[in-house]
Amino acid sequence: MSNTGTKVVVFESIYSMDGDVAPVKEILALCEKYNAISYIDEVHAVGMYGENGAGICEREGCQPDIINGTLAKAFGVQGGYIAGKKDFVDAIRSLASAFIFTTSLSPVICAGALTSIKYVRDHPELRDKLHERSQTTKKILKDHDINVMDNDSHIVPVMINDAKKCKAVSDELLYKFGIYVQPINFPTVPVGTERLRFTPTPYHTDAHIYDMVLKVKSAIKRCGKVK
């Protein structure tokens, strides 16, 4: 590998469409070996993983150079953040046009975000329950012969593998059964790998999950068999 120029490795801790979890420790070891800056996107992991809900890096005991997170998704507010060494943060604050030409978050949003972060930190049982609910959802879907992509995260991708059928199944679930789930089509995923992406919450009961699975199975059958 060339020693000229600055090397930066940019990756996600959890890839939101497949639910894959990155081998963070191995990637950081390569960054250290080749003197590369590590930049990790934790937006689909913050609030969900780690003792305090800080993400996969906290769970794995890793410290990349820069962590990018969100105050939306698990924290339920809006905005985002980076965390890292002072020099990196100062450089981004001074040179990143997207940061320079935007307005700061309002005090009410900041207060809401701080309260949400504290709540998530203080309630690890919600993370445990969420992961249990996700695994239960995957099992029940598979028990009903519904094609679920395997992964080690909380994300539940139900493979439809056809764009028109994927949208049709999503519409059927919404307009007939009142269940909202987004159809994930190209360019978000490659053509032929279209899917519905479910993310159960800690408050979904077994009855909720069974009811949803039966309706998903019915919608898939009515809209045509999956490939």
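For clarity, every value in this text was computed on a predicted model and none was experimentally measured. Along the sequence shown, residues carry numbers from 1. Side chains included, hydrogens not; waters and symmetry mates left out as well; all remaining heavy atoms used.
In the hydrophobic clustering of this structure, Leu130 does not group with Leu126; members are Ile, Leu, Val, Met, Phe, Trp, Tyr whose side-chain heavy atoms approach within less than 4.5 Å, directly or through other members. Ile92 and Ile67 are not part of a single hydrophobic cluster, where members link through side-chain heavy atoms under 4.5 Å apart.
Partner Thr136 forms a side chain to side chain contact (heavy atoms under 4.5 Å, CB included) with one of Glu132, Lys139, Lys138 and no other, that one being Glu132. Of the listed residues (Asn147, Thr137, Asp150), just one forms a side chain to side chain contact (heavy atoms under 4.5 Å, CB included) with Lys142, and that residue is Asp150.
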Quiz prompt | CA sep, side-chain torsions, deciding dist, call: Asp206, Arg133, salt bridge (charged side-chain N to carboxylate O under 4.0 Å, His left out) | solution = CA-CA 8 Å; Asp206 285 352; Arg133 293 287 80 190; 2.8 Å; yes
Between Ile109 and Ser106, is a side chain to side chain contact (heavy atoms under 4.5 Å, CB included) present by the stated rule, with each step listed? CA-CA 5 Å; Ile109 293 294; Ser106 69; 3.2 Å; yes
- Task: Begin from the C-alpha positions of Glu58 and Asn52 and carry the test side chain to side chain donor-acceptor pair (under 3.5 Å) through to its verdict.
- Result: CA-CA 8 Å; Glu58 181 186 37; Asn52 297 291; 2.7 Å; yes
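Under the 3.5 Å distance criterion, the side-chain polar atoms of Glu172 are left unmatched by any main-chain donor or acceptor of Ile220. Side-chain atoms of Asp18 never come within 3.5 Å of backbone atoms of Asp20 as a donor-acceptor pair (strictly under, hydrogens ignored). Side chain of Glu194 to main chain of Gly192: a donor-acceptor pair is present (N/O by atom type, distance under 3.5 Å, no hydrogens or angles). Distance alone, capped at 3.5 Å, is enough to place a donor-acceptor pair between the Arg195 side chain and the Met17 backbone. At least one donor-acceptor pair closer than 3.5 Å links the side chain of Thr193 to the backbone N or O of Pro190. The backbone N or O of Val46 lies less than 3.5 Å from no partner atom in the side chain of Tyr49, so there is not a single donor-acceptor pair.
Side-chain contact between Met48 and Ser153 is absent, with no heavy atoms from C-beta onward closer than 4.5 Å.
Between His208 and His204, the ring planes are perpendicular. Angles over 60° get that label, and only those under 30° would be called parallel.
Shown here is Glu125, whose CD atom has more than 12 heavy atoms of other residues, nucleotides or ligands within 6.0 Å. Other residues, nucleotides and ligands contribute more than 12 heavy atoms inside 6.0 Å of the CG atom of Asp211.
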